[in-house]
K.L.:
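Handing you this structure, nothing more for now.
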Amino acid sequence: IKMPIRRDRPQASERAITACAVCEIVQSQMKSDSSHYCFPNLLEAFFIVVVLNLVEYLTNSIIWSLGRSAGLQTMAIASIGRVLANGLVFTVLLHHGKLTYRSLLHDSVDSWRTTIARFLVPVLLITPALLVAMSVLEVGVGQFFPWSGSREEASEVYANGGLGLIVLTCVIAPLLEEMLFRGVMLRSFLRQYPEGTAIAHSAAVFGLAHLNVYQFALAFGLGLLIGKLYAATRSLLPGILIHACYNTAVVIVALKSPFVLTRESLLEVWPTSWWFGALVLGGVGAWGLVKSVAALRMAPVRTVNDNGAN
């Protein structure tokens with residue numbers, strides 16, 4: 001005997017079960033999406049940059065009289081102030097994220113010595129090509145946004161700044177900026193956004209932190225490269241090497257080959273054989289970076305809950 005009523009009832013119950021299952025999946029997905037939040041997000045990253053600049057300004061104001069009475073140059077005082085301000089901000093950020101300086105700098109199973117040895121030669125090879133590329137980019141930006149101030153030779157900038165500016169540019173800035181923009185910000189962005197979006201966000205914040213359109217373009221380009229390396233290695237060491245080598249090369253070239261900022265590129269200042277050789281070395285260095293990333297054993301990525309972040 002066929003009983004259509006009884007056949008319909010199981011179908012209704014099945015639909016109810018299916019609807020409940022869908023609701024549970026949606027709710028679990030919503031919970032999963034909300035758990036992806038990790039401090040800082042993009043807006044909070046901009047806020048950190050603003051706070052850091054304010055803390056650095058206040059720190060420099062406090063130590064200014066002490067530094068001048070001790071006979072320190074202006075840039076030496078600025079270097080000390082920047083280290084103190086960043087130290088204070090990093091202490092708060094690391095405490096909030098339950099991180100250590102070691103995990104911030106190098107979160108890989110390979111030792112820091114192995115990582116440096118693996119990346120040092122490719123970084124040195126790629127640096128001259130970065131100089132040429134960034135120089136051309138800066139001049140290109142200068143065509144769209146003409147410099148309205150006095151045109152000062154790059155050599156005069158570093159000569160007037162003294163040793164303090166050189167140390168700040170070549171040592172302090174690469175270390176502190178990589179710890180903040182890649183170690184804190186990009187580390188968090190990679191847990192919240194797709195990899196490409198996270199790298200672009202961190203590079204944009206890095207560029208805007210330099211507070212002028214010329215350095216924004218350079219910092220954004222450099223930030224994309226360093227960000228990609230950090231995403232692949234989970235170590236700040238390759239990025240610190242690139243940042244320090246690039247800044248040091250800029251200082252050396254500026255002192256040895258005077259050129260006007262935003263107006264002359266190294267293609268005009270250097271002989272053709274020099275910049276062509278720089279590009280060739282850069283190609284070899286880029287190949288070396290790819291091989292180094294492939295050889296590096298990346299540490300397992302920690303989840304937000306593992307680090308205690310909320």
Side-chain angles (χ1 to χ4, degrees), residues 115-144 147 151-159 161 165-171 173-175 177-178 182 199 203 206-207 210 212-230 232-233 236-295:
T115 302
I116 291 177
R118 180 176 286 126
F119 282 92
L120 181 58
V121 173
V123 167
L124 291 175
L125 290 176
I126 203 174
T127 299
L130 284 177
L131 276 177
V132 175
M134 294 301 180
S135 174
V136 173
L137 177 61
E138 186 175 29
V139 172
V141 173
Q143 299 299 316
F144 292 97
W147 181 256
R151 296 185 180 275
E152 186 175 16
E153 284 193 357
S155 59
E156 294 179 4
V157 174
Y158 293 103
L165 178 58
I166 295 176
V167 173
L168 179 63
T169 302
C170 302
V171 181
L175 178 61
E177 289 178 356
E178 291 309 311
R182 257 62 68 176
I199 293 172
F206 180 48
H210 287 76
N212 70 73
V213 67
Y214 307 102
Q215 288 191 325
F216 169 81
L218 304 183
F220 182 78
L222 194 63
L224 291 177
L225 172 62
I226 297 177
K228 183 62 178 178
L229 278 177
Y230 176 78
T233 64
L236 293 181
L237 299 180
I240 292 174
L241 283 175
I242 290 180
H243 201 152
C245 288
Y246 173 76
N247 284 10
T248 301
V250 168
V251 173
I252 294 174
V253 170
L255 294 175
K256 297 297 183 179
S257 303
F259 60 98
V260 179
L261 293 171
T262 74
R263 192 176 65 186
E264 297 174 292
S265 72
L266 292 180
L267 295 181
E268 300 170 295
V269 177
W270 281 0
T272 303
S273 58
W274 285 25
W275 60 258
F276 180 77
L279 295 178
V280 172
L281 289 177
V284 176
W287 176 82
L289 284 179
V290 173
K291 299 293 289 185
S292 297
V293 169

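Heavy-atom basis, side chains included; hydrogens, waters and symmetry copies ignored.
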K.L.:
Do Thr248 and Ile252 come within less than 4.5 Å of each other through their side chains, counting heavy atoms only?
P.N.:
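They are in contact (side-chain heavy atoms under 4.5 Å apart), so the answer is yes.
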K.L.:
Rounded to the nearest 0.5 Å, what separates atom CG in Leu175 from atom CD in Glu177?
P.N.:
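The CG atom of Leu175 sits 10.0 Å away from the CD atom of Glu177.
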K.L.:
Is the shortest side-chain heavy-atom distance between Phe119 and Thr233 below 4.5 Å?
P.N.:
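They are in side-chain contact.
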K.L.:
From Leu168 CG over to Asn247 CG, what is the distance, rounded to the nearest 0.5 angstrom?
P.N.:
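Leu168 atom CG to Asn247 atom CG measures 9.5 Å (nearest 0.5 Å).
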K.L.:
For the CG atom of Leu241 and the OG1 atom of Thr115, what is their distance to the nearest 0.5 Å?
P.N.:
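Going from CG on Leu241 over to OG1 on Thr115, the span is 9.5 Å.
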K.L.:
Can you tell me which residue among Pro238, Pro174, Cys170 is in a side chain to side chain contact (heavy atoms under 4.5 Å, CB included) with His243?
P.N.:
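The option that passes is Pro174.
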K.L.:
How long is the span from the OH atom in Tyr246 to the CG atom in Leu218, to the nearest 0.5 Å?
P.N.:
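Taking OH in Tyr246 and CG in Leu218, the distance rounds to 5.0 Å.
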K.L.:
Any side-chain heavy atom of Tyr230 within less than 4.5 Å of one from Glu178?
P.N.:
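Of all side-chain heavy-atom pairs linking Glu178 with Tyr230, none is under 4.5 Å.
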K.L.:
Can you name the nearest heavy-atom pair linking Pro122 to Ser292, along with the distance?
P.N.:
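Where Pro122 meets Ser292 most closely, the heavy atoms are CG-OG, 3.8 Å.
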K.L.:
First locate atom CG of Leu279, then atom CD1 of Ile126, and finally report the distance between them rounded to the nearest 0.5 Å.
P.N.:
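Leu279 atom CG to Ile126 atom CD1 measures 11.0 Å (nearest 0.5 Å).
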K.L.:
For the residue pair Phe216 and Phe220, categorise the inter-ring angle as parallel (less than 30°), tilted (30 to 60°) or perpendicular (more than 60°).
P.N.:
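Rings of Phe216 and Phe220: parallel, under 30°.
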K.L.:
State the CD1-CD1 distance between Ile226 and Ile199, to the nearest 0.5 angstrom.
P.N.:
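Spacing of CD1 (Ile226) from CD1 (Ile199) equals 11.5 Å.
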K.L.:
Of all the heavy-atom pairs spanning Gly223 and Ala203, show the shortest one and how long it is.
P.N.:
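For Gly223 and Ala203, the tightest heavy-atom pair comes out as C-CB, 3.8 Å.
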K.L.:
Which pair of non-hydrogen atoms, one from Arg118 and one from Ala295, has the smallest distance, and what is that distance?
P.N.:
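Looking at all heavy atoms of both residues, the closest pair is NE-CB, 3.9 Å.
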K.L.:
Locate the shortest heavy-atom distance separating Val284 from Leu125; write the atom from each residue and the value.
P.N.:
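For Val284 versus Leu125, the nearest heavy atoms are CG1-CD1, 3.9 Å.
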K.L.:
Test of understanding: with side chain to side chain contact (heavy atoms under 4.5 Å, CB included), list the residues that count as partners of Pro128, not counting sequence neighbours.
P.N.:
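If we apply the side chain to side chain contact (heavy atoms under 4.5 Å, CB included) test to Pro128, skipping adjacent residues, the hits are Ala278.
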K.L.:
Evaluate the side-chain contact (heavy atoms from CB on, under 4.5 Å) criterion for residues Ile242 and Leu130: first the C-alpha distance (whole Å), next the side-chain angles of each, then the deciding distance (0.1 Å), finally the verdict.
P.N.:
CA-CA 10 Å; Ile242 290 180; Leu130 284 177; 4.0 Å; yes
